[in-house]
4 protein chains.
Amino acid sequence: MTIRGDTTRKRLIDATTALVREVGYANVRTRSIAVAAGVAEGTLYRHFADKRSLFYAAVLDRNAPIVAATETLPSLAGQGTVLGNLLEVIRNLAQLQQDLLPLEQAMIADPTLAPPLGERAQMPLEGPPNDIALYLAAEQNLGRVRAECDPTLAAISLLAMLFGLAVHPVLGNDLAESELLSASVSYFVDGVGVSPAQPKLTA
Amino acid sequence: MTIRGDTTRKRLIDATTALVREVGYANVRTRSIAVAAGVAEGTLYRHFADKRSLFYAAVLDRNAPIVAATETLPSLAGQGTVLGNLLEVIRNLAQLQQDLLPLEQAMIADPTLAPPLGERAQMPLEGPPNDIALYLAAEQNLGRVRAECDPTLAAISLLAMLFGLAVHPVLGNDLAESELLSASVSYFVDGVGVSPAQPKLTA
Amino acid sequence: MTIRGDTTRKRLIDATTALVREVGYANVRTRSIAVAAGVAEGTLYRHFADKRSLFYAAVLDRNAPIVAATETLPSLAGQGTVLGNLLEVIRNLAQLQQDLLPLEQAMIADPTLAPPLGERAQMPLEGPPNDIALYLAAEQNLGRVRAECDPTLAAISLLAMLFGLAVHPVLGNDLAESELLSASVSYFVDGVGVSPAQPKLTA
Amino acid sequence: MTIRGDTTRKRLIDATTALVREVGYANVRTRSIAVAAGVAEGTLYRHFADKRSLFYAAVLDRNAPIVAATETLPSLAGQGTVLGNLLEVIRNLAQLQQDLLPLEQAMIADPTLAPPLGERAQMPLEGPPNDIALYLAAEQNLGRVRAECDPTLAAISLLAMLFGLAVHPVLGNDLAESELLSASVSYFVDGVGVSPAQPKLTA
DNA sequence: AATGAATGAGGCTTCATTCAT
DNA sequence: TATGAATGAAGCCTCATTCAT
């Protein structure tokens with residue numbers, strides 16, 4: 001592809017992301033995408049096999065920085081506090097998810113959009129759960145995470161909570177900075193209960 | 001409505017719910033609904049103004065038992081354990097959500113489906129967050145939930161987690177009975193971290 | 001189907017036949033068909049799965065009288081003259097082929113239109129070649145057709161000639177009544193050559 | 001045209017012929033032609049005004065050898081046998097027609113492809129009917145063809161038969177060598193009938 | 001109330017052709 | 001001359017909805 005071609009491709013992806021966020025995938029028309037991208041409708045099909053493929057390209061495009069953002073998490077084990085480290089990462093993810101979420105939502109709501117096997121590996125959140133699980137395991141070795149905790153299940157729980165919070169429009173759009181998010185992560189790390197039977201001592 | 005009419009209405013709703021779960025809202029056709037319900041296409045419009053209304057009726061229909069499922073929770077404060085009480089309720093919700101979730105998903109993914117103002121009050125999960133918050137507050141008064149915990153935020157966190165777990169097809173379909181769910185609730189109550197600065201001893 | 005439905009179906013088929021003859025299959029638009037039939041475009045798809053199916057239905061519809069036209073031929077063996085009998089049948093076929101030919105042409109020119117296996121048995125000319133072969137065999141038994149003649153090959157030859165004549169716009173549209181047609185059949189029966197080595201005697 | 005240009009032109013024509021034979025004219029895309037010819041899509045329009053012109057060029061290209069194939073026929077009058085001479089020519093034509101036929105078919109099936117007036121004169125089979133008619137007339141003078149035979153009509157009949165046989169996929173692809181073809185020509189020359197009223201004895 | 005044929009707007013996609021490089 | 005990205009008109013088909021029966 002030439003520079004011109006790459007530019008067009010990028011504009012199509014950006015237009016798609018923006019439109020999905022605005023009106024939802026089901027209401028995004030190829031016509032609208034073309035108009036928003038400033039190209040002819042037919043041009044879309046020089047760059048993507050069909051509407052669905054463009055949609056995936058958009059998801060993957062947006063996902064890259066998200067995956068990258070959690071890659072460094074495991075190396076932070078032992079530094080700062082567990083809560084601080086997780087909160088930092090989750091905030092990052094929350095921020096980036098703003099773009100990704102509507103796209104991901106559509107995929108969940110419409111089985112037809114199930115990703116082709118070849119691309120599933122790079123789909124959203126493939127990296128983060130793993131990175132978070134690795135981090136929790138590392139902290140577990142250092143005694144800063146409870147021994148009974150299953151790092152994998154815990155990572156899924158945490159991300160599920162983030163997803164749930166992001167989806168439900170309880171608050172405005174500033175989830176990343178919201179008190180709700182930090183409170184949630186705090187509950188995840190420290191729990192809400194007071195369990196006398198479990199004397200949590202020092203690490 | 002005659003008896004026959006009520007029956008038809010119910011069959012249309014059930015057919016809708018089933019189809020949404022099977023193929024996703026985006027792929028549910030009024031034709032399919034009519035066929036599944038065993039009526040003619042035109043009949044649908046005798047019972048519902050349009051497809052969207054039928055969809056809402058289905059959501060409300062499925063939401064009722066979910067709302068009921070948490071109603072008794074606040075009265076359980078002080079009995080059993082916090083973890084046990086929450087787990088029981090969450091499992092119930094997970095079970096009941098199987099029908100509702102796909103419908104709710106569609107509503108979130110497609111702005112066009114934003115509920116008409118008149119019906120918004122009865123929309124999903126209006127009851128549960130409140131009931132759970134009431135319960136947590138009651139337990140807080142009893143000293144079984146940490147004082148720093150905000151009952152409302154905590155209730156939202158917990159349900160967000162449930163929602164996230166239910167939506168993402170991480171495991172099989174039996175979330176209600178899964179280890180993942182109980183582990184998640186456990187982390188919510190007890191936390192994953194070992195916080196030296198907070199010697200949880202007193203009640 | 002109701003009477004109303006059958007009527008619509010017939011009108012669609014007639015419109016298709018007419019349009020194919022006028023502009024060729026490749027240039028027939030579903031829109032044009034609908035307009036010509038006096039129905040909405042969508043109606044077409046209540047009666048036929050797609051454009052191709054409508055096309056087939058039209059072919060089969062037109063083919064029926066053609067097949068019928070040759071069915072009585074074998075029973076004429078021994079009556080009149082061979083030339084007369086064949087000419088009569090061929091003229092009939094030429095007449096009827098006026099509608100069918102453009103449809104058949106399209107099918108030959110476009111491999112995409114190859115008939116589904118289920119319908120192939122009823123495709124054009126399945127009957128005629130057989131009927132003509134039977135007739136020639138019967139005449140052969142009566143000594144009015146040369147013993148060296150292979151009835152099947154001969155039937156194919158004759159129909160091929162008819163097809164070729166019909167396709168090539170050598171003359172106007174009145175092939176059935178043309179001198180060319182009768183001359184051709186005459187050559188087929190009597191030959192153009194004068195072969196001294198083959199003393200054709202009495203029957 | 002430079003040498004390169006001529007080569008490209010030839011490759012485009014060959015690619016077109018090959019594609020029409022493989023997938024049918026209706027399914028030949030300018031894109032496919034360009035790919036098959038190993039050039040860019042735009043290049044096609046440097047050598048031909050449009051797709052239709054390329055198509056005609058291909059027809060003419062393939063028609064040349066066919067026209068040539070019958071040129072010597074008239075001079076063979078009186079030599080060998082009438083059947084032998086015609087069979088030889090028809091076999092040649094059958095062989096050569098393999099490329100031309102699909103192209104010609106498309107032209108017949110699609111009125112849109114009616115040749116521009118300027119090129120009509122050189123259209124397919126302009127030579128053969130004439131050559132064959134000349135040959136038959138010459139043989140008629142020699143007494144080897146029946147006096148009642150109209151050479152022009154007979155030539156058309158014979159070629160129509162060839163066309164019909166070639167178009168209909170009755171047998172495999174080797175019509176030129178098939179028994180069907182030789183039998184057909186034989187019927188044309190000697191007839192299938194035994195006509196008592198016409199004692200063919202003299203030359 | 002029920003039926004199901006008919007409607008028709010509009011979506012996705014194709015593809016011959018153009019044009020800047 | 002060649003390239004190939006871009007164009008945009010137009011086709012086939014879908015499907016929620018209407019309406020005569």
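This is a predicted model, so every value here is computed, not measured. The analysis underlying the following values was restricted to heavy atoms, covering all of them including side chains, and did not include hydrogens, waters or symmetry mates. Throughout, a chain's letter reflects where its sequence line sits, starting with A, and its residues are numbered from 1.
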message: Please determine whether a side-chain nitrogen of the Lys or Arg among C:Arg9 and C:Asp14 lies less than 4.0 Å from a carboxylate oxygen of the Asp or Glu.
response: no
statement: Separation between CG (B:Asn63) and CG (B:Leu100), nearest 0.5 Å, reads 5.5 Å
message: Taking only side-chain N and O atoms of B:Arg46, does any of them lie within less than 4.0 angstrom of OP1 or OP2 on E:dA1?
response: no
query: Between C:Gly42 and A:Ala40, who's closer to the 5' end of DNA chain F by nearest nucleotide?
result: A:Ala40
- prompt: Taking CG from A:Leu12 and P from F:dT7, how many angstroms apart are they, rounded to a whole number?
  reply: 10 Å
query: Using a cut-off of 4.0 Å on non-hydrogen atoms, how would the nucleic acid contact of B:Val35 be classed: base, sugar-phosphate, or nothing?
result: nothing
query: Under a 3.5 Å cut-off for both distances, is E:dA1 Watson-Crick or wobble paired, and to whom?
result: none
- request: State the OG1-CZ distance between D:Thr43 and D:Arg11, to the nearest 0.5 angstrom.
  value: 10.0 Å
message: From C-beta outward on A:Tyr45, which listed nucleotide comes closest to its side chain: E:dT14, E:dA2, F:dC13?
response: E:dT14
field: Identified pairing partner of E:dA16, criterion: Watson-Crick or G-U wobble below 3.5 Å
entry: F:dT7
task: Specify the separation, in whole Å, of atom CG of A:Leu44 and atom P of E:dC12.
output: 10 Å
message: Just the rounded figure in Å: distance from P of E:dT13 to CZ of A:Phe55.
response: 14 Å
field: No-H, no-angle donor-acceptor pair, C:Glu41 side chain to F:dC13 base, under 3.5 Å
entry: yes
- request: Would you kindly give the CZ-to-P distance between D:Phe48 and E:dA16, to the nearest whole Å?
  value: 15 Å
Of the listed nucleotides F:dT17, E:dT18, F:dC13, the one nearest the side chain of C:Asp50: F:dC13
- request: Answer whether the closest heavy-atom distance between the side chains of B:Tyr25 and B:Met107 falls below 4.5 Å.
  value: no
task: Could you state the atom-to-atom distance from CZ of D:Arg29 to P of E:dT13 in whole Å?
output: 17 Å
message: From CG of D:Leu54 over to P of E:dC15, roughly how many Å is that when rounded to an integer?
response: 16 Å
query: Which value, rounded to the nearest 0.5 Å, describes the distance between B:Phe48 atom CZ and B:Ile13 atom CD1?
result: 4.0 Å
- prompt: Do any side-chain nitrogens or oxygens of A:Thr30 fall under 4.0 Å of OP1 or OP2 in E:dT13?
  reply: no
- request: Starting at atom NZ of C:Lys10, determine the distance to atom C1' of E:dA6, rounded to an integer number of angstrom.
  value: 20 Å
message: From CZ of B:Arg31 over to P of F:dC13, roughly how many Å is that when rounded to an integer?
response: 16 Å
- line: Checking N1-N3 plus N6-O4 or O6-N4 for Watson-Crick, or N1-O2 and O6-N3 for wobble, each under 3.5 Å, the partner of E:dT21 is F:dA2
- prompt: Phosphate oxygens OP1/OP2 of F:dA2: is one of them under 4.0 Å from a side-chain N or O of D:His47?
  reply: yes
- prompt: Does C:Thr43 place a side-chain N or O at less than 4.0 Å from the phosphate oxygens OP1/OP2 of E:dA6?
  reply: no
